[in-house]
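Numbering of residues begins at 1 and proceeds along the displayed sequence.
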Amino acid sequence: MVLSGFRHSPLHLRDTRAKFNANNIEYSLRAFPLGGFVAFPDNDPDSDIPADDENLLKNRPIFDRVIVISAGVIANVVFAYLIIFVQVLSVGLPVQEFSPGVLVPEVGPSSAAARDGLRPGDVILSVDGYELPKSLFSVPQIVDIIKRSPKKNVSLKVERGGEDLVIGVTPEESGDGTGRIGVQLSPNVKITKAKPKNLVEAISFSGKEFWGLTSNILEGLKQTFLNFSQSASKVSGPVAIIAVGAEVARSSSEGLYQFAAALNLNLAVINLLPLPALDGGSLALILVEAARGGRKLPQEVEQRIMSSGIMVVLLLGIFLLVRDTLNLDFVRELLIMDFPLDTCRGRTTSSKMLYGGGI
C-alpha cells in the first residue's frame with residue numbers, strides 16, 4: 001500500500017519548499033513527501049479566483065469531475081500495461097512449464113529429512129502413493145500431508161539422478177503438534193521466455209499478462225479484507241516497497257518489470273477504494289451527489305469526512321514508515337546494543353536487545 005492522493009490536504013497546501021509555474025500549472029516540491037497529489041484552486045485559500053467561476057473543478061458537471069478525479073488511477077493502469085508491453089518486446093514473458101512432483105532445493109543438516117536420506121535436488125513424485133500433479137498447488141498438498149503426520153512414517157517416491165527411489169521419512173513433532181521434516185520445497189517448474197513474433201502477438205501477450213496480474217492483485221486485496229486479522233501485518237508502506245524493489249533488482253533486472261507493473265496496479269486499486277482522502281473517496285462523494293439529484297452535501301460535512309480520512313491515512317502512513325524502517329536489516333543491526341539494566345549496589349547487568357528476531 002502506498003499513500004497518495006492527498007487532494008484536499010491542508011498540510012500539502014502550506015508545506016511548499018520549491019515551486020515553478022509552466023503553462024498556468026504550478027509544480028512544487030513539498031517538505032512532507034508522503035505521495036504524489038494534484039491540488040486545484042478550489043482547495044487554495046489564497047487563490048484569487050472567484051468561488052463561482054465555472055472552470056473551478058467543484059463547479060464543473062459531475063461527469064467532468066469524475067474524469068478528472070479518475071485520471072490518476074487511469075494513468076497508473078495505462079502505465080502498468082505499457083511496462084508489461086515493454087517487457088514483452090525487450091526480454092519476453094516468463095512461461096512456466098510444470099513437471100510432475102515437487103522439488104527439494106534445500107534440506108536442513110540435522111533434520112528428519114536428512115536423517116532419513118532425503119537430499120537437495122531430489123524431486124518428490126508421490127506421498128504415500130498419492131501422485132503429485134503438474135501444478136503449482138503440489139507444494140501445499142505435500143505440506144498438508146506432512147503436517148498431519150507427526151511421528152508417522154511417510155513413504156516418499158523420489159526421483160534422483162534419473163532413478164526412482166522410495167524413502168520413508170518420519171516427521172518430527174513441532175511445538176504446535178504438526179509434523180515437520182526440515183526441508184524447503186518449490187514447484188517442479190522450468191521457466192522459459194516467450195517472445196512475440198510480431199506487434200499483434202506482442203499486444204496479445206501483454207493483454208493476457210496484464211489481466212492475469214490484475215486478477216492476482218484483486219484476489220490478494222479480497223483476501224486481505226476477508227482475513228484482515230491475519231494479513232494486516234503484511235500491509236507495507238513506501239520503505240518496505242523500496243526495499244523489495246532493491247531486492248528484486250539485485251536478483252533479476254527482468255523482475256523489475258513485473259514489480260513496477262504490480263506496483264502501479266496496486267496504486268490504482270488502492271486509490272479506487274471509497275475511503276476519504278483517496279480518489280475513491282472523492283468519487284464516492286460525487287456518486288452521493290448524483291444520487292441526491294445534483295445536490296451536494298453541505299461543505300462542512302464534506303470537509304469533516306475528508307479531514308478524518310486524511311488523519312487516518314496520515315497516521316497509518318507514519319506507522320508503516322516507522323515499522324518498515326525498523327524492519328530494515330541495517331537498522332536492526334544498529335538496534336543491537338548493550339545497556340545496563342541494574343546498577344544498584346554497584347551491580348551492572350548487561351542485556352542484548354534486538355528489534356525483531358528469528359529462529
Side-chain angles (χ1 to χ4, degrees), residues 1-5 35-38 63 66-98 134-137 139-140 186-187 189-227 231 234-238 240-275 278-284 287:
M1 174 181 178
V2 173
L3 304 175
S4 63
F37 79 104
V38 178
F63 183 70
V66 168
I67 292 176
V68 171
I69 292 173
S70 303
V73 172
I74 294 171
N76 282 131
V77 172
V78 171
F79 193 49
Y81 178 84
L82 290 176
I83 290 172
I84 294 174
F85 185 70
V86 171
Q87 177 188 9
V88 169
L89 290 178
S90 58
V91 299
L93 280 179
V95 177
Q96 297 178 336
E97 296 180 3
F98 286 95
K134 299 179 181 180
S135 170
L136 185 67
F137 302 105
V139 172
S186 67
V189 60
K190 180 182 178 182
I191 306 296
T192 59
K193 292 290 176 60
K195 278 199 169 188
K197 298 180 179 67
N198 50 57
L199 185 60
V200 174
E201 199 170 69
I203 294 173
S204 175
F205 281 9
S206 302
K208 290 178 181 177
E209 182 70 10
F210 175 82
W211 177 246
L213 193 57
T214 303
S215 300
N216 289 338
I217 289 171
L218 291 174
E219 180 62 26
L221 186 64
K222 172 186 170 184
Q223 294 302 322
T224 297
F225 282 104
L226 291 179
N227 305 285
S231 57
K234 298 179 182 177
V235 177
S236 299
I241 291 172
I242 292 172
V244 171
E247 185 64 31
V248 171
R250 281 194 294 267
S251 60
S252 169
S253 59
E254 297 172 4
L256 282 175
Y257 288 103
Q258 293 282 312
F259 176 77
L263 183 58
N264 274 275
L265 287 173
N266 269 290
L267 279 170
V269 172
I270 293 297
N271 269 330
L272 270 182
L273 295 178
L275 300 175
L278 299 180
D279 295 332
S282 299
L283 290 173
L287 290 177

Between atom [atom1] of [X] and atom [atom2] of [Y], what is the distance when rounded to the nearest 0.5 Å?
X	Y	atom1	atom2	value
Q258	L93	CD	CG	7.0 Å
L267	L272	CG	CG	11.0 Å
N76	S70	CG	OG	12.0 Å
N264	F259	CG	CZ	10.0 Å
N216	L265	CG	CG	10.5 Å
L218	N266	CG	CG	9.5 Å

Of all the heavy-atom pairs spanning [X] and [Y], show the shortest one and how long it is.
X	Y	value
A80	A261	CB-O, 3.7 Å
I83	Y257	CG2-O, 3.3 Å
K134	F98	CD-O, 3.6 Å
A262	I217	O-CD1, 3.7 Å
A202	L89	CB-CD2, 3.7 Å
S282	I69	CB-CD1, 3.8 Å

Requested in this report: Would you sort out whether I203 and F85 count as a side chain to side chain contact (heavy atoms under 4.5 Å, CB included), showing the intermediate values?
Outcome: CA-CA 7 Å; I203 294 173; F85 185 70; 4.0 Å; yes
Report task. Check the surroundings of atom NZ in K193: do more than 12 heavy atoms from other residues, nucleotides or ligands lie under 6.0 Å from it? Result ->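 Count over threshold, so yes.
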Query raised in the report: With sequence neighbours left out, what residues match F210 under ring pair (Phe, Tyr, Trp, His ring centres under 6.0 Å)?
Result: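 Y81.
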Query raised in the report: Can you list every pair that meets side chain to side chain donor-acceptor pair (under 3.5 Å) and has a residue in residues 197-207, with sequence neighbours left out?
Result: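 Those involving residues 197-207 do not exist here.
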